[in-house]
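Scope of the values below: all heavy atoms of this structure, side chains included, with no hydrogens, waters or symmetry mates. Positions are given from 1 along the sequence. Here the structure is a predicted model, which is why all the values come from computation and not from measurement.
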Amino acid sequence: MSVADDLLTPTVRPMRHEDVEQVAQIENQSYQFPWSIGIFRDCLLAGYQCLTVVQQGEVRAYGILSMAAGEAHVLNVCVAPAFRRQGYGVMLLNEMIRISRDARIRRIFLEVRPSNLAATSMYHALGFTTIGRRSNYYKADNNGREDALVLSLTL
């Protein structure tokens with residue numbers, strides 16, 4: 001494989017401190033109530049599994065996974081708007097699942113907005129099942145709130 005091929009192939013790799021600005025830009029483009037750049041820096045400092053999908057030298061997607069007491073929690077998965085529905089989210093989740101298995105994690109949890117049908121569909125296709133609902137979990141338009149579906153995957 002040539003260097004040019006390497007640039008064209010998306011790669012999942014650990015997030016670096018120098019990635020945080022690109023990650024925060026994607027977050028701001030994607031959410032009405034985005035995480036701050038400080039939250040991403042804190043996740044790196046806390047030792048969470050912070051991942052990026054990089055292609056052509058550019059961060060296209062990112063994910064944050066925390067692990068403790070035999071369980072993992074997907075805290076954030078986001079793909080830049082221009083690159084959605086191209087498999088980047090699946091790449092991130094598959095890597096999170098692999099990392100969790102390697103760490104002998106028994107179960108992975110996550111929350112997702114019921115209105116986010118693309119994400120919900122992706123999670124279900126990867127084997128996650130809906131196990132509950134958190135009322136008024138997310139901020140929504142007009143000072144309202146939206147529930148979260150709680151999903152889990154048993155490894």
Side-chain angles (χ1 to χ4, degrees), residues 6 9-31 33-81 83-139 146-155:
D6 286 344
T9 303
T11 304
V12 178
R13 66 158 169 77
M15 187 183 296
R16 301 173 184 157
H17 288 281
E18 59 266 22
D19 296 327
V20 171
E21 286 189 29
Q22 283 184 68
V23 166
Q25 287 175 358
I26 294 168
E27 179 84 1
N28 287 324
Q29 294 167 2
S30 300
Y31 299 113
F33 304 102
W35 284 14
S36 70
I37 197 166
I39 291 173
F40 290 107
R41 287 186 179 127
D42 288 347
C43 288
L44 280 169
L45 291 172
Y48 292 162
Q49 295 294 318
C50 303
L51 304 172
T52 57
V53 177
V54 177
Q55 188 173 21
Q56 296 180 328
E58 175 183 345
V59 175
R60 304 257 169 113
Y62 59 87
I64 312 289
L65 178 75
S66 71
M67 297 187 293
E71 296 180 347
H73 193 158
V74 176
L75 301 176
N76 196 332
V77 172
C78 187
V79 178
F83 301 104
R84 293 192 179 144
R85 297 188 180 267
Q86 296 180 34
Y88 297 112
V90 171
M91 288 177 69
L92 279 170
L93 264 296
N94 281 331
E95 183 64 7
M96 289 179 175
I97 292 167
R98 186 199 63 75
I99 288 168
S100 297
R101 280 195 174 111
D102 288 353
R104 300 188 199 286
I105 296 295
R106 295 182 303 272
R107 204 163 181 196
I108 303 173
F109 295 93
L110 62 84
E111 290 84 20
V112 63
R113 290 177 186 267
S115 61
N116 190 342
L117 300 177
T120 303
S121 176
M122 176 185 68
Y123 296 135
H124 286 149
L126 289 169
F128 284 83
T129 57
T130 303
I131 60 167
R133 188 180 211 59
R134 297 189 198 283
S135 296
N136 301 315
Y137 186 78
Y138 292 107
K139 289 182 185 178
E146 183 176 358
D147 292 353
L149 297 177
V150 180
L151 279 63
S152 77
L153 175 68
T154 300
L155 303 177

(request) Before giving the answer on side-chain contact (heavy atoms from CB on, under 4.5 Å), spell out for M15 and L51 the whole-Å C-alpha distance, their side-chain angles and the decisive distance to 0.1 Å. (result) CA-CA 5 Å; M15 187 183 296; L51 304 172; over 6 Å; no
(request) For the pair N28 (side chain) and A24 (backbone), establish whether a donor and an acceptor sit closer than 3.5 Å, ignoring hydrogens and angles. (result) yes
(message) Could you report the tightest heavy-atom contact between C78 and I26, atom names first, then the distance?
(response) SG-CG2, 3.8 Å
(request) Report yes if the side chains of Q49 and C43 come closer than 4.5 Å at any heavy-atom pair, otherwise no. (result) no
(request) Write down the atom of A148, the atom of P114, and the distance for their closest heavy-atom approach. (result) CA-CD, 4.3 Å
(request) Would you mind reporting whether I108 and F128 have side-chain heavy atoms less than 4.5 Å apart? (result) yes
(request) For D147 and N136, indicate whether the former's side chain and the latter's backbone hold a donor-acceptor pair under 3.5 Å. (result) yes
(request) Dump the intermediate steps for side-chain contact (heavy atoms from CB on, under 4.5 Å) on L75 and L65, then the final yes or no. (result) CA-CA 6 Å; L75 301 176; L65 178 75; over 6 Å; no
(message) Does the plane of the ring in W35 sit parallel, tilted or perpendicular to the ring in F40? Use 30° and 60° as the thresholds.
(response) tilted
(message) If I compare all heavy atoms of G127 with all of L153, which pair ends up nearest, and what's the gap?
(response) O-CD1, 3.3 Å
(message) Taking the side chain as everything from C-beta on, heavy atoms only, tell me whether S36 gets closer than 4.5 Å to R41.
(response) no
(request) Compare all side-chain heavy atoms of N94 with those of L92 and state whether any distance is below 4.5 angstrom. (result) no
(request) Compare all side-chain heavy atoms of T129 with those of H124 and state whether any distance is below 4.5 angstrom. (result) no
(message) Does either side chain, that of Y138 or that of R113, offer a donor lying less than 3.5 Å from an acceptor on the other one?
(response) no
(request) Answer with yes or no whether the side chains of T11 and R60 bring together a donor and an acceptor at under 3.5 Å. (result) no
(message) Taking atom CD as the centre, does E21 end up with more than 12 heavy-atom neighbours from other residues, nucleotides or ligands that are less than 6.0 angstrom away?
(response) no
(message) I'd like to check P14 versus C50 (side-chain heavy atoms, cut-off strictly below 4.5 Å). Are they in contact?
(response) no
(request) Would you kindly say whether S115 and E146 are connected by a side-chain donor-acceptor distance under 3.5 Å? (result) yes
(request) With rounding to the nearest 0.5 Å, note down the distance linking CG in L44 to CD1 in I39. (result) 12.5 Å
(request) Indicate the atoms forming the closest heavy-atom contact of P34 with E27, along with that distance. (result) CB-CG, 3.5 Å
(request) Measure across A72 and I105 and return the closest heavy-atom pair with its distance rounded to 0.1 Å. (result) N-CG2, 3.6 Å
(request) For side-chain contact (heavy atoms from CB on, under 4.5 Å), just list the numbers for E58 and V54, CA-CA rounded to whole Å, side-chain angles, deciding distance to a tenth of an Å, and then say yes or no. (result) CA-CA 5 Å; E58 175 183 345; V54 177; 5.8 Å; no
(message) Any heavy-atom pair between the side chains of R106 and T154 that's under 4.5 Å?
(response) no
(message) Tell me every residue that passes side chain to side chain donor-acceptor pair (under 3.5 Å) with S152, counting only those two or more places apart in sequence or in another chain.
(response) R107
(request) List the atom of V77, the atom of Y31, and the distance in Å for their closest heavy-atom pair. (result) O-OH, 3.3 Å
(message) Is it the case that the side chain of T52 and the backbone of R13 share a donor-acceptor pair, with hydrogens and angles ignored and the cut-off at 3.5 Å?
(response) yes
(message) Tell me whether S100 contacts the main-chain N or O of M96 through its side chain, where contact means a donor paired with an acceptor under 3.5 Å.
(response) yes
(message) Between R134 and E111 (salt bridge meaning N to carboxylate O under 4.0 Å), is one present in this structure?
(response) yes
(message) Is the shortest side-chain heavy-atom distance between I131 and L151 below 4.5 Å?
(response) no
(request) Establish, from distance only, whether the side-chain atoms of Q22 and Y62 form a donor-acceptor pair under 3.5 Å. (result) no
